[in-house]
Amino acid sequence: VTEAIQRYSYILGFVKKHLRNDKDVVMAALKRNGYELEFVNAELKNDMEVVNVAIQQNPLALRFASESLKNNKELVVKAVSSNGEALRFV
């Protein structure tokens with residue numbers, strides 16, 4: 001799985017659910033493509049560390065964060081500072 005994550009930027013939508021719920025697998029995938037946040041479970045979409053990695057890679061990944069984190073000023077400022085389009089998802 002780790003090798004596949006390193007090779008392909010879109011992988012989480014194609015792996016088994018238990019892997020999409022594994023924080024280590026998710027973090028590795030998000031470092032390559034923040035938009036993969038779309039495919040992780042609700043608990044990880046509410047994890048500041050996970051969402052922060054996704055937004056670092058692609059600020060528009062804010063779209064898939066939990067509602068709670070979409071209301072986190074620090075996170076929103078970080079995303080919007082990198083790409084103003086992220087404001088659409090708040």
Side-chain angles (χ1 to χ4, degrees):
V1 173
T2 305
E3 185 178 318
I5 288 171
Q6 292 172 352
R7 283 186 124 180
Y8 305 104
S9 59
Y10 283 101
I11 189 90
L12 291 180
F14 301 100
V15 298
K16 293 188 184 264
K17 190 174 184 175
H18 76 277
L19 292 173
R20 287 183 272 165
N21 297 335
D22 182 297
K23 188 172 180 176
D24 293 330
V25 171
V26 167
M27 294 289 275
L30 293 176
K31 287 177 184 174
R32 296 246 325 133
N33 182 353
Y35 235 57
E36 290 269 79
L37 187 61
E38 176 181 6
F39 300 106
V40 306
N41 69 18
E43 181 180 333
L44 291 176
K45 287 180 181 183
N46 196 43
D47 183 306
M48 178 66 109
E49 181 184 12
V50 170
V51 175
N52 204 17
V53 167
I55 287 173
Q56 270 185 293
Q57 199 287 321
N58 184 340
L60 299 180
L62 183 63
R63 172 184 191 174
F64 303 111
S66 70
E67 289 303 314
S68 174
L69 290 182
K70 285 180 186 178
N71 290 314
N72 180 292
K73 183 179 178 181
E74 177 187 334
L75 200 61
V76 170
V77 167
K78 183 177 185 173
V80 172
S81 295
S82 295
N83 185 332
E85 288 292 313
L87 192 57
R88 294 183 302 157
F89 306 116
V90 178

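Note on Leu87: it does not cluster hydrophobically with Val77, by side-chain heavy-atom contacts below 4.5 Å among ILVMFWY residues. The hydrophobic cluster containing Met48 also contains Val76, counting ILVMFWY residues as joined when their side-chain heavy atoms lie under 4.5 angstrom apart, directly or transitively.
When all heavy atoms of Gly34 and Ala61 are compared, the closest pair comes out as O-CB, 3.3 Å. Between Asp24 and Asp22, the shortest heavy-atom distance links the atoms N-OD1, 2.9 Å. Of all the heavy atoms in Ser68 and Asn46, the pair that sits closest is CB-OD1, 3.6 Å. Ser82 and Pro59 get closest at one heavy-atom pair: CB-CG, 3.3 Å. What you find for Ala86 and Leu62 is that their closest heavy atoms are O-CD2, 3.8 Å. Annotation for Val50 and Leu37: closest pair CG1-CD1, 4.0 Å, computed over non-hydrogen atoms.
The OG atom of Ser66 sits 11.5 Å away from atom CD of Glu43, with the distance rounded to the nearest 0.5 Å. The structure places CG of Asn33 at 10.0 Å from CD of Glu38, a figure rounded to the nearest 0.5 Å. Annotation: the span from Lys31 atom NZ to Gln57 atom CD amounts to 12.0 Å, rounded to 0.5 Å. Of the inter-residue distances, the one linking Leu44 atom CG with Met27 atom CE reads 9.5 Å to the nearest 0.5 angstrom. Taking CD1 of Ile55 as the start and CZ of Arg63 as the end, the distance is 13.5 Å to the nearest 0.5 Å.
Looking only at side-chain heavy atoms (C-beta outward), Lys45 and Leu69 stay at 4.5 Å or farther from each other. Counting only heavy atoms from C-beta outward, the side chains of Phe64 and Glu36 never approach each other to under 4.5 Å. With contacts defined as side-chain heavy-atom distances shorter than 4.5 Å, the pair Asp47/Val51 does not qualify. Residues Asn21 and Lys17 have side chains in contact (heavy-atom distance under 4.5 Å, counting atoms from C-beta outward).
Using a 4.0 Å cut-off between charged nitrogen and carboxylate oxygen, Lys23 and Glu49 count as a salt-bridge pair.
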side-chain contact (heavy atoms from CB on, under 4.5 Å), that's the test. Do Glu85 and Leu60 meet it? Break it down for me.
CA-CA 7 Å; Glu85 288 292 313; Leu60 299 180; 3.7 Å; yes
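The environment of NZ in Lys70 is crowded: more than 12 heavy-atom neighbours from other residues, nucleotides or ligands sit within 6.0 Å.
The closest donor-acceptor contact from the side chain of Asn71 to the backbone of Glu67 lies under 3.5 Å.
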